Q: 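My questions all concern the structure below.
We name chains A, B, ... by the order of the sequence lines, and we start the count at 1 in each one. Given the structure is predicted, the values throughout are model-derived calculations rather than measurements.
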Amino acid sequence: MPELLQFLLSGITVGAVYALVALGFTIIYNASDVVNFAQGEFVMLGGMITFFAHAAGLPLPLAALIAIIATAAIGVALNKLAIEPARGAPVVSLIIITIGASIFIRGATQLIFDKQLHRFPAFSGDQPILIGGATILPQSLWVIAGALAIFFCLWLFFTRTLIGRAVLATANNRIAAQLVGINTNYVMTLSFAMSAAIGALAGVLVTPITLTGYDVGLALALKGFAAAMLGGMGNPKGALVGGLLLGVLEAMTAGYISSQYKDAAAFVVILAVLFAMPQGLFGRKSTDRV
Amino acid sequence: MLTVEGLRSRYGRIEVLHGIDLDVASGEIVTVIGANGAGKTTLLKCLSGIQPVSAGSIVFRGEAMTTVPAHRRVQRGLAQTPEGRQIFTNLTVEENLRLGAYLFADDKVDRDMQDAFAMFPILKEKRNLAAGGLSGGQQQMLAIARALMARPSCLLLDEPSMGLAPILVAQIFDVVRSMKALGVTVLLVEQNAFGALSVADRGYVMETGRITMSGPAAGLIADERIRAAYLGI
Ligand SMILES: Nc1ncnc2c1ncn2[C@@H]1O[C@H](COP(=O)(O)OP(=O)(O)OP(=O)(O)O)[C@@H](O)[C@H]1O
Ligand SMILES: [Mg+2]
C-alpha cells in the first residue's frame with residue numbers, strides 16, 4: 001500500500017508540472033487557435049533567468065519576479081515580431097512560426113547564459129514530508145499549489161471577466177470582435193504576456209525539483225501539449241486534469257511495469273482517449289457557423 | 001451625420017468601389033440597394049473599418065474616420081451588423097450581448113440587455129444557450145441586438161433579411177423601422193429592394209462599385225428603371 005501511495009504522490013508531482021505547462025497553452029489557444037510550441041521555452045526561461053538573477057546576488061523572490069516579467073516581455077515580443085506580422089496566415093503557419101521561435105529562444109539562451117543544468121534552492125527546504133509511509137518533497141506541494149492557483153485564476157478569468165470573454169470572442173470571430181469594440185491586437189498581446197508569465201512561473205516552481213537548462217523546454221512542451229490534448233485544448237479544467245492524469249499514469253507504469261514503458265503507456269492511453277473523444281475529456285464542442 | 005466622399009477600395013489589385021459619394025443625416029433611414037456583387041458589403045466594411053480604403057474620405061459626426069481603427073469607430077457611435085451575422089457561435093446568447101457592450105461597465109448595460117430581451121423575447125428564452133445553435137432568424141436578431149448594445153448613434157445593417165422566411169423578413173424590417181423611435185440613424189444595405197425602400201427615407205442605387213441613382217425612397221420605388229431592374233415589376 002505505501003508503494004501505491006508513493007507512486008501516486010510522485011505521479012501527482014510530475015502531473016502538476018505537466019498541468020502548469022498545459023495551462024500556459026490555454027490562453028494563446030483560446031485567443032487565436034494557435035498551439036504555441038514556444039510554451040516550453042517560457043518555462044525554461046522562467047527557471048534560467050531566476051537562476052542567473054539569484055546567482056548574481058538577488059534574493060530568490062525578486063529573482064523569480066524579474067524572470068516572470070522578463071519572460072512575459074519576451075512573449076509580447078514573440079507576438080509583435082513574429083505572430084502579428086503574419087496575421088491572416090493559416091493557423092498551421094502560425095504554429096510553425098512558434099516552433100521556429102522556440103528553436104531561436106533555445107539557441108539565444110545557450111549563447112547568453114550557458115549549456116549547464118542549474119538548480120536553485122527549494123522554497124521550503126529539502127526535508128521530505130512523511131505521509132502514510134510515503135514521502136513527498138515540500139517543493140512538490142508548491143508545484144501542486146501553483147497549478148491549482150493558476151487553474152483557479154484562469155477559470156475566473158475566462159468565466160467571470162469581460163476581458164476573458166473578449167479573448168474567447170477574438171478566437172471565435174476576430175472581425176466580429178473588432179466590430180463590438182475589442183482591440184484584437186491588444187487581446188493577442190495580453191494573451192502572449194499571460195501565457196509567458198504562467199510558463200515562467202511554472203519554471204520557477206519546478207526548477208528546484210527538475211533542474212533547468214537551455215534545452216529542457218522541448219520535452220516540457222511536448223508533455224504539456226499531450227496533457228492539454230488529453231484534457232481538451234483550451235479548457236483550464238482539461239489542462240489541470242489532463243496533466244495530473246498523465247503524471248499519475250506515467251508514475252504507475254514506471255512503478256509497476258518498467259520506467260522504460262512510461263512514455264509509451266502514456267501515449268497509448270492518450271490515443272485511446274482521443275479516439276473515443278476527439279475533443280479531449282473536457283474539450284469545447286465546436287459549434288461553428290452553419 | 002455620416003458623409004462619404006470619393007471612396008475607393010480594392011481587394012488586392014482589383015478595385016471594387018470606384019469613388020462612392022453618400023451622406024446620411026441624423027435620424028434618417030437610408031438604404032443602399034444593388035445586385036449581387038455590386039460592392040454594398042465592401043462599402044459597409046470600409047465604413048466600419050474592417051476593409052482598407054485606398055482613396056476618399058469618411059466623416060462621422062464631424063470627425064474624420066478614414067484612418068481610425070475599427071474598434072475605435074464603435075466607441076464613436078458607429079456600429080455594424082455584418083453580412084452573415086457573425087455572432088460569437090461558441091458563446092451564449094447573453095455573452096454575445098454582453099460583449100456588444102464591451103466598451104461599457106455601468107448599470108445601463110443591464111437595462112440595455114433587458115430592452116434587447118423586450119425587443120426580441122426569443123433571445124431571453126435562449127439566453128444561456130450557445131449562439132451557434134440559434135436559427136438563422138434568431139441569429140439575425142442577436143446580431144442586431146448585439147450592435148444596439150454598443151449604444152450606437154448610427155447603425156450599419158448589411159442584408160438583415162438575407163436567407164430568412166417571409167414572415168421573419170417582415171419582422172426584421174419592422175425592427176429597422178423602430179430604430180427611428182430609438183433615435184438611431186440607419187444605413188441599410190439590401191438586395192431586397194422593395195423591403196428596404198419601404199422602410200427607408202432615402203435610397204441609393206449601387207451598380208458595380210458606383211452610385212448610379214439616388215433620391216427619396218418613395219421616388220425610387222416609383223421609378224420605372226428601378227421597378228424593372230430591382231423590383232421585378
Ligand atoms: N474578400 C474578397 N476578396 C476578393 N474579392 C472580393 C472579396 N469580397 C468581395 N469581393 C468582390 O468584390 C465585389 C463586391 O463584393 P461585395 O461583397 O461588396 O458585394 P455585395 O454588393 O455586398 O454583394 P451581395 O449582395 O452578394 O452581398 C464582388 O465582385 C466580389 O466578388
Ligand atoms: Mg454583401
Q: Is it the case that atom NZ in B:K180 sees more than 12 heavy atoms from other parts of the structure closer than 6.0 Å?
A: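 Yes.
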Q: Does B:N90 offer a backbone N or O that forms a donor-acceptor pair with the side chain of A:N172 under 3.5 Å?
A: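 Such a contact is found between A:N172 side chain and B:N90 backbone.
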Q: Minimum heavy-atom separation for B:L99 and A:L162, please, with both atom names.
A: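 What the structure gives for the nearest pair is CD2-CD1, 4.2 Å.
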Q: Are there more than 12 heavy atoms of other residues, nucleotides or ligands under 6.0 Å from atom CZ of A:F275?
A: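 Check fails, neighbour count at 12 or below.
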Q: Taking all heavy atoms of B:G100 and all of A:V180, pick out the closest pair and write down the distance.
A: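 Minimum heavy-atom contact is CA-CG1, 3.9 Å.
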Q: Does a sphere of radius 6.0 Å around CG in B:D107 hold more than 12 heavy atoms from other residues, nucleotides or ligands, not counting ones at 6.0 Å or beyond?
A: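 At most 12 heavy atoms, drawn from other residues, nucleotides or ligands, come within 6.0 Å of this atom.
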Q: Which distance, rounded to the nearest 0.5 Å, do you find between the CZ of B:R73 and the CD of A:Q178?
A: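 If we round to the nearest 0.5 Å, B:R73:CZ and A:Q178:CD are 10.5 Å apart.
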Q: Taking all atoms of both residues into account, what is the closest heavy-atom pair of A:R165 and B:L91, and its distance?
A: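 Heavy atoms only, the tightest pair is O-CD1, 4.3 Å.
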Q: When rounded to the nearest 0.5 angstrom, what distance separates CG in A:L179 from CD in B:Q80?
A: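 Going from the CG atom of A:L179 to the CD atom of B:Q80 covers 5.0 Å.
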Q: Between B:Y102 and A:A166, what is the shortest heavy-atom contact and its length?
A: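 Minimum heavy-atom contact is CE1-CB, 3.5 Å.
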Q: Side chain, backbone, both or neither: which part of B:R146 has a heavy atom under 4.5 Å from chain A?
A: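 Contact with chain A is through the side chain of B:R146 alone.
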Q: Show the nearest heavy-atom pair for residues B:V74 and A:G181, with the distance to one decimal.
A: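 The answer is CG2-N, 3.7 Å.
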Q: Would you give the length of the straight line joining atom CD1 of A:I175 to atom CD of B:E83, rounded to the nearest 0.5 angstrom?
A: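 A:I175 atom CD1 to B:E83 atom CD measures 12.5 Å (nearest 0.5 Å).
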